[in-house]
Amino acid sequence: MINELYDEYEEEPKNIMAEMDDLDKKILELLRDDGRKSYRKISRDLDVSVGTVHNRVDKLTKSGIINKFVPVIDHEKLGYTLTAVIGIEIKGGTISFLTEKTEFKDNILALYDVTGQFDGFIIAKFKNTYELNKFIKELLKEDNVIKTYTQTVLKIVKEELNSSLIDFDV
């Protein structure tokens, strides 16, 4: 019975931890600070060959530790000055259906399936309260959405959704 429930949602994750040594960790830390840092600069900083850095970054990418290199965007400079944290209650299923909805993609930064009072949480950015209101109204039109609970962020103390802050103990 429990396996049938898993099949309805998604595949159970495989907990395979990739192997990393100290050099891999040092390379990750340098790339975390500046994803555009050249292999040549990394090789100089770590006193290893450029080929070694290239091979290590390639290995980290193929193993899935590095998923992609992306810019960290300042949303406020693009006019998105309002951040909302939205709890969502759903009739069965998961919040993942929102990833396929084009009407929501411009605003959503993060989607989380969670435990507790709500089934999921959305972290989203908006240019103003009009956009937020429209987003919530469209969200409530979805057949499987029961209710939402919205909080607006007054001050962003720390926000680094595009980077890991894990201390690699180097």
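Gly64 and Asn67 get closest at one heavy-atom pair: O-OD1, 3.2 Å. Scanning both residues, Glu159 and Ile156, for their nearest heavy atoms gives CB-CG2, 3.5 Å. The minimum heavy-atom distance linking Val53 with Ile27 is given by the pair CA-CD1, 4.3 Å.
Judged as a salt bridge (Lys or Arg N to Asp or Glu O under 4.0 Å), and not counting sequence neighbours, Glu76 has no contacts. Scanning for salt bridge (Lys or Arg N to Asp or Glu O under 4.0 Å) contacts around Glu138 gives Lys141, with sequence neighbours left out. Contacts of Phe135 classified as ring pair (Phe, Tyr, Trp, His ring centres under 6.0 Å), with partners at least two apart in sequence or in another chain: Phe104, Phe126.
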Checklist entry - Are Ser96 and Thr99 close enough, and set up right, to give a side-chain hydrogen bond (donor to acceptor under 3.5 Å, both in side chains), and what steps lead you there? => result CA-CA 6 Å; Ser96 62; Thr99 60; 5.7 Å; no

Item to check | side-chain contact (heavy atoms from CB on, under 4.5 Å) between Ile136 and Ile86, worked out | outcome: CA-CA 9 Å; Ile136 297 298; Ile86 305 165; 3.7 Å; yes

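Checking side-chain atoms of Asn55 against main-chain N and O of Gly51 turns up a donor-acceptor pair under 3.5 Å. Without hydrogens or angle criteria, Lys125 side chain to Ile108 main chain gives no donor-acceptor distance under 3.5 Å. In this structure, the side chain of Asp119 does not engage the main chain of Glu89 through any donor-acceptor pair within 3.5 Å.
The pair Lys25-Asp21 does not count as a salt bridge, with every side-chain nitrogen at least 4.0 angstrom from each carboxylate oxygen. Using a 4.0 Å cut-off between charged side-chain N and carboxylate O, Asp22 and Lys26 make no salt bridge. Salt-bridge formation is detected for the pair Asp24/Lys59: a Lys NZ or Arg NE/NH1/NH2 atom is positioned less than 4.0 Å from an Asp or Glu carboxylate oxygen.
No more than 12 heavy-atom neighbours from other residues, nucleotides or ligands sit within 6.0 angstrom of OH on Tyr130.
Here Leu98 contributes atom CG and Ile90 contributes atom CD1; the two are 7.0 Å apart, rounded to the nearest 0.5 Å.
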